[in-house]
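FYI, the numbering just counts along the sequence from 1. Since we're looking at a predicted model, the values are computed, not measured.
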Amino acid sequence: MEAVYAWAKGSKFYEIMEIARVFEGSLIRAIRRMEEVLQQLIVAAKSIGETQLEAKLEEAVSKIKRDIVFAASLYL
């Protein structure tokens with residue numbers, strides 16, 4: 001969780017790899033799954049009319065959806 005939080009705050013990938021003692025692929029998969037859950041929560045918040053929650057969740061998605069983690073291929 002600490003690594004994902006650091007990622008959302010703008011840390012570089014090599015910096016979060018020093019925090020997390022897991023394989024790179026495992027960390028990337030966890031961050032991508034987190035984004036998928038946030039997308040589902042956005043839909044749920046929208047369906048019940050929680051616009052403030054929806055905005056906060058969209059902001060969270062925009063903070064984690066960047067750089068190599070969401071590249072189409074890791075072989076850049």
Side-chain angles (χ1 to χ4, degrees):
M1 197 64 203
E2 187 179 338
V4 177
Y5 181 69
W7 178 254
K9 288 184 74 170
S11 296
K12 301 284 185 194
F13 189 72
Y14 72 89
E15 294 170 344
I16 65 169
M17 285 310 303
E18 292 173 358
I19 296 171
R21 296 211 160 80
V22 296
F23 293 115
E24 293 91 348
S26 298
L27 184 60
I28 288 172
R29 197 172 319 113
I31 294 172
R32 285 185 176 189
R33 286 184 180 163
M34 173 74 76
E35 189 267 340
E36 290 172 4
V37 169
L38 288 171
Q39 291 291 352
Q40 291 175 352
L41 288 172
I42 289 169
V43 171
K46 190 181 294 185
S47 70
I48 62 171
E50 285 287 337
T51 56
Q52 289 179 335
L53 180 59
E54 180 184 351
K56 287 180 183 181
L57 292 169
E58 286 174 349
E59 180 183 354
V61 167
S62 69
K63 288 184 177 185
I64 66 168
K65 194 169 184 175
R66 62 179 180 87
D67 262 350
I68 194 165
V69 173
F70 287 91
S73 172
L74 297 179
Y75 301 102
L76 299 174

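- Note: L41 CG to E58 CD = 12.0 Å, rounded to the nearest 0.5 Å.
- Residue V22 comes nearest to M17 through the heavy atom pair O-CE, 3.1 Å, listed as atom of the first residue, atom of the second, then distance.
- Using a 3.5 Å distance cut-off with no hydrogens or angles, the side chains of Q39 and E35 do pair a donor with an acceptor.
- L38 places a side-chain heavy atom less than 4.5 Å from the side chain of I64.
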Step by step, work out the side-chain contact (heavy atoms from CB on, under 4.5 Å) result for K12 and E18.
-> CA-CA 10 Å; K12 301 284 185 194; E18 292 173 358; over 6 Å; no
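- By the 6.0 Å contact criterion, CZ on F70 is enclosed, its count of non-hydrogen atoms from other residues, nucleotides or ligands being greater than 12.
- Taking CD of E2 as the start and CH2 of W7 as the end, the distance is 16.0 Å to the nearest 0.5 Å.
- You'll find the side chain of I31 reaches within 4.5 Å of the side chain of L27, heavy atoms only.
- Under the 4.5 Å side-chain heavy-atom criterion for grouping Ile, Leu, Val, Met, Phe, Trp and Tyr, M1 is connected to I28 within one hydrophobic cluster.
- Heavy-atom minimum distance, R32 versus V69: NE-O, 2.8 Å.
- Interatomic distance, CD of E24 versus OH of Y14, reported as 15.0 Å (0.5 Å rounding).
- To the nearest 0.5 Å, atoms NZ (K56) and OG1 (T51) are separated by 10.5 Å.
- Formation of a donor-acceptor pair under 3.5 Å by the S11 side chain with backbone atoms of A6 is found in this model.
- Note that the CG atom of L57 and the NZ atom of K46 stand 11.0 Å from one another [nearest 0.5 Å].
- Taken together through direct or relayed side-chain contacts under 4.5 Å among Ile, Leu, Val, Met, Phe, Trp and Tyr, V4 and V37 form part of one hydrophobic cluster.
- Clustering ILVMFWY residues whenever any of their side-chain heavy atoms sit less than 4.5 angstrom apart, transitively, puts V61 in the very cluster that holds L53.
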